[in-house]
Amino acid sequence: MLNFRNKIVELIKGEVDSLSREEIEESIETPPSYDMGDYAFPAFKLSKVFKKAPNIIAEELVSKFDENPYFEKVESAGPYVNFFINKSKLIETVMEEIKEKGNKYGSSDIGEGKKVIMEYSSPNIAKPFHIGHIRTTVIGNALHKIYKFLGFDTVAINHLGDYGTQFGMLIAAYKKWGDREVIENDPINELLKLYIKFNEEAEKNEALKDEARYWFRELEEKNEEALELWKWIRKISLKEFNKVYDMLNIEFDTYAGESFYSDKMPKVIKELEDKNLLKESEGAHLVDLEEYGMPPALIKKKDGSSLYTTRDIAAAIYRKDYYDFYKNIYVVASQQNLHFKQWIKVVELMGYEWAKDCIHVPFGMVSLEDGTLSTRRGKVIFLEDVLNKAVESTFKIIEERNPDLDNKEEVAKQVGVGAVVFQELFNQRIKDYVFSWDRTLSFEGETGPYVQYTHARANSLLEKGKFNIEDNVDYTLLDSDIEIDISRLLYNFPQVIVDAMKKNEPYFITRQIVEIAKMFNKFYNSSPILIEDEELRKSRLMLTYGVKEVIKTGLGLLGIEAPNRM
RNA sequence: GUACCCUUAGCUCAGCUGGAUAGAGUGUCUGACUACGAAUCAGAAGGUCGGGGGUUCGAAUCCCUCAGGGUACGCCA
């Protein structure tokens, strides 16, 4: 595909030697409106070099760029040099590229040979998968797909919370009040009940906490009974989680969670001691980080057992050895910012230069209208319920508007789940939000169903118009403002994917496909597509095809399906 | 108490590494279905970018400060 920015860099570089190609590339901007041009080069920085007013420099530059095949017009506007792209070249290059690459349009090999670890979702065993888990799960999945699409060699890790004192609690609670059959029938809820009951009782009776600690120690010592219970609880919980993962169409490469690293920690503690990083304080062992403006990182408890900082350090070291990662990414809530800063600093202090490749990708908090989520107090909204409710609402809408649709259940699932996922990936990760049923179940405006609807509509046009990708198309017929606007958005799509990867922000893609859908709907409402004139029809269908492909790819990267009918 | 994050239209949010007149959606009001799919489109109204300083040719964007909200701070993860 033609790279218009590079063409501008070449033109400017030909006239101005004092700026490097990179500097020129970086200063190229998009004007506020396309009436003013497709790209703009501001001359402010040159005014110091040439000791002239920027608007004079801009004028002088323009006079040198008259005849050029890639830009139909170059003009100055005050201090800016504005470039107007050659529209037929733009449309032709983007359409030919989409035609050639199809559903691979926007992919690349920039990540070739680089291993990227994406740790996300990571629910706690025996606790419900609630609305609070949706963010890490959905953001992580999207990032995983984005990196993969850009050629990175990815590993999706579900770092299950399957170890720790809480397990001692569960085992103790099960031994006191548990019933295997009851739990088998409704694992998460029953285990949650045990968990809540144990916490309530433990507040009244301190001795229970000792029992929990006892059972956790037994588990670590590989006591057969404890081990068997642990395996069983882990298995039935995972089975429940997989219901949600199936609905979301998410798979992991490994479920190596906390337990997996439990035997890798003593070595780390020893290493910290050998490197003189460990300090004793009030019976516990820690790494002092005062020098770096952070509270100390606790490594070993009074009783000798380890903490999750130790576990994360051990996991990172293991992963470096085993995978030799290029980036080791953690999609974990912003509440853990300090924790990540601490342990990554400790890894750095241990002398591992790859500490900088461990990246925490934080996101904001979800709360309920009446306050914070709390598993212990049973104040949660289950993710499964959210998804099911969205699917039900969608099903009703389909019954109303498109009752003859084939496989309504399947489509309702794709659209309902898609709506939830889309909403989750629509804004910057860091923003907190309050969960609202109204918002989750609204399918109008900038929503997943809107984009999916546009896709289905485009598909229907292609079918009715008997679109054939082999047809030769006269691109010069696509010359209206809307058609060019659409082409520009399609043209920018590959760059948007790269930006999304660089910033670990899937919403760049969400916003781009919304823009494409909006522009296409505008086009659809203003220009007939299935018309008599064969040449014109073919060209408009080609544009429709481009829109359909890019929307589908974009949705796919977000983990959302694109049904052909809905 | 200390550190970090957030604050843009009634509501929910965009605004690319500072750049040309601050944009969407939603809600409100108005208009378009015997129409290629109305989960759509067109239009109107709606903003001292939390307040105040500073840096700069230029600040919603960078720095300082104040206010409001949130999160985290040694034996949970």
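Each chain gets a letter, A, B and so on, in the order its sequence line appears, and its residues count up from 1.
- Between G37(B) and Lys464(A), a contact under 4.0 Å exists linking OP1 or OP2 to a side-chain N or O.
- The shortest distance between the side-chain N/O atoms of Tyr450(A) and the OP1/OP2 oxygens of C41(B) is below 4.0 Å.
- Rounded to an integer number of Å, the gap from Met519(A) CE to C41(B) P is 11 Å.
- Proximity of residues 34-47 of chain A to RNA chain B (heavy atom under 4.0 angstrom from any strand atom) is restricted to Met36(A), Ala40(A), Phe44(A).
- Across residues 529-536 of chain A, Ile529(A), Leu530(A) each have a non-hydrogen atom less than 4.0 Å from an atom of RNA chain B (numbered order).
- As judged by a 4.0 angstrom heavy-atom cut-off over every strand, Glu444(A) is placed among residues touching the sugar-phosphate backbone only.
- A close approach under 4.0 Å does occur between a side-chain nitrogen or oxygen of Lys503(A) and OP1 or OP2 of U17(B).
- Minimum atom distance to the side chain of Lys302(A) is reached by C75(B), of the listed C75(B), G15(B), C5(B).
- As rounded to whole Å, 16 Å separates atom P of C13(B) from atom NZ of Lys518(A).
- Aromatic ring orientation, Phe241(A) versus Phe129(A): tilted (interplanar angle from 30° to 60°).
- The backbone N or O of Ser122(A) lies less than 3.5 Å from a partner atom in the side chain of Asn158(A), making a donor-acceptor pair.
- When distances run from any side-chain atom of Ile398(A) to the nucleotides C5(B), C76(B), A39(B), the shortest one goes to A39(B).
- Between the CZ atom of Arg311(A) and the P atom of C75(B) there is a distance of 15 Å, rounded to whole Å.
- Separation of the C1' atoms belonging to C49(B) and G23(B) is 12 Å when rounded to the nearest angstrom.
- Computed from coordinates, the Arg213(A) CZ to C75(B) P distance equals 12 Å when rounded to whole Å.
- By the criterion of a centre-to-centre distance under 5.5 Å and near-parallel planes under 30°, the ring of Tyr524(A) forms a stack with the base of C36(B).
- Comparing the P positions of A45(B) and U71(B) gives a spacing of 40 Å, expressed to the nearest Å.
- By the rule that a glycosidic angle within 90° of 0 means syn, G46(B) does not qualify and counts as anti.
- With ring centers used as reference points, Tyr491(A) lies under 6.0 Å from Phe4(A).
- Residue-level contact check: Arg439(A) touches the backbone only, with heavy atoms under 4.0 Å from sugar-phosphate atoms and none from bases.
- As judged by a 4.0 angstrom heavy-atom cut-off over every strand, Pro31(A) is placed among the base-contacting residues.
- Comparing A42(B) with A24(B), their P atoms are spaced 11 Å from each other, to the whole Å.
- Judged by a 6.0 Å distance limit and a 45° cone about the ring axis, Lys464(A) is not positioned over the six-membered ring of Phe467(A).
- Defined by atom type and a distance below 3.5 Å, a donor-acceptor pair is present between the side-chain atoms of Arg511(A) and Asn427(A).
- A cation-pi geometry, defined here as NZ or CZ lying under 6.0 Å from the six-membered ring centre and within 45° of its normal, does not hold between Arg429(A) and Tyr507(A).
- Interface remark: the Asn82(A) side chain does form a donor-acceptor pair with the A20(B) base, using a distance-only criterion of under 3.5 Å.
- Atom-to-atom, CD of Gln428(A) to P of C16(B) comes out at 10 Å; the value is rounded to the nearest Å.
- Place Leu461(A) and Glu26(A) on RNA chain B by their nearest nucleotides, and Glu26(A) ends up nearer the 5' end.
- At a cut-off of 3.5 Å, with distance as the only test, a side-chain donor of Asp499(A) or Gln495(A) sits close to an acceptor on the other residue.
- Near RNA chain B, meaning a heavy atom under 4.0 Å away, the residues from residues 404-423 of chain A are Val415(A).
- Between Arg457(A) and A38(B), a side-chain N or O to OP1/OP2 separation shorter than 4.0 Å is present.
- The side chain of Met365(A) sits closest to U71(B) out of U71(B), C75(B), U40(B).
- Rounded to the nearest Å, the gap between the C1' atom of U48(B) and that of C57(B) is 24 Å.
- Taking a pair as Watson-Crick or G-U wobble with both distances under 3.5 Å, RNA chain B forms stems of 3 or more consecutive pairs at B:1-7 with B:67-73, B:10-13 with B:23-26, B:28-32 with B:40-44, B:50-54 with B:62-66.
- Distances shown here put every side-chain N or O of Ser281(A) at or beyond 4.0 Å from the OP1 or OP2 atom of G74(B).
- Within the 4.0 angstrom heavy-atom criterion, no nucleotide atom of any strand lies near Ala333(A).
- Across the protein-nucleic acid pair, Asn55(A) atom CG and G19(B) atom P stand 19 Å apart, rounded to whole Å.
- Between the side chains of Asn521(A) and Arg457(A), at least one donor N or O sits under 3.5 Å from an acceptor N or O.
- Residue pairs satisfying the salt bridge (Lys or Arg N to Asp or Glu O under 4.0 Å) criterion with at least one member in residues 411-425 of chain A, sequence neighbours excluded, are listed as follows: Arg135(A)-Glu424(A).
- No donor-acceptor pair closer than 3.5 Å links the side chain of Ser121(A) to the backbone N or O of Thr137(A).
- Ring geometry for Trp437(A) against Phe435(A) counts as perpendicular: the plane angle is over 60°, on a 0 to 90° scale with 30° as the lower cut.
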Start with the C-alpha gap between Leu289(A) and Lys345(A), add the side-chain angles, then the distance that decides, and say whether side-chain contact (heavy atoms from CB on, under 4.5 Å) holds. CA-CA 8 Å; Leu289(A) 297 173; Lys345(A) 182 50 106 180; 3.9 Å; yes
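- Glu258(A) comes within contact range of the sugar-phosphate backbone alone, with a heavy-atom separation under 4.0 Å but no base atom that close.
- When the nearest nucleotides of RNA chain B are assigned to Asn427(A) and Leu338(A) by heavy-atom distance, the more 5′-ward of the two goes with Asn427(A).
- Side chain of Glu25(A) to backbone of Val9(A): no donor-acceptor contact under 3.5 angstrom is found.
- When the side-chain nitrogen and oxygen atoms of Lys431(A) are compared with OP1 and OP2 of A14(B), one or more of them lie within a distance under 4.0 Å.
- For residues 515-529 of chain A, the salt bridge (Lys or Arg N to Asp or Glu O under 4.0 Å) pairs, not counting sequence neighbours, are Glu446(A)-Lys518(A), Glu515(A)-Lys518(A).
- Ring geometry, Tyr308(A) versus His339(A): the interplanar angle falls under 30°, so the pair is classed parallel (tilted spans 30 to 60°).
- Remark: C1' of A38(B) and CE of Met566(A) are 13 Å apart, rounded to the nearest angstrom.
- As judged by a 4.0 angstrom heavy-atom cut-off over every strand, Ser76(A) is placed among residues making no nucleic acid contact.
- The same atom, P, is picked in G37(B) and in G31(B); the two are 26 Å apart, to the nearest Å.
- Phosphate proximity of A77(B) to Tyr308(A): absent, as no side-chain N or O sits under 4.0 Å from OP1 or OP2.
- Taking a centre distance below 5.5 Å and an interplanar angle below 30 degrees as the stacking criterion, Tyr80(A) does not stack against the six-membered base ring of G19(B).
- Contacts of Asn564(A) with the nucleic acid, taken as non-hydrogen atoms under 4.0 Å apart, include base atoms.
- Judged by distance alone, with hydrogens and angles left aside, the side-chain atoms of Thr309(A) form no donor-acceptor pair with the main-chain N or O of Trp343(A) at under 3.5 Å.
- Ring pair Phe216(A)/Trp230(A): centre-to-centre distance not below 6.0 Å.
- Within the cation-pi definition used here (under 6.0 Å to the ring centroid, within 45° of the axis), Arg5(A) does not qualify as a partner of Tyr39(A).
- Rounded to a whole Å, the CG atom of Asp485(A) is 16 Å from the C1' atom of A24(B).
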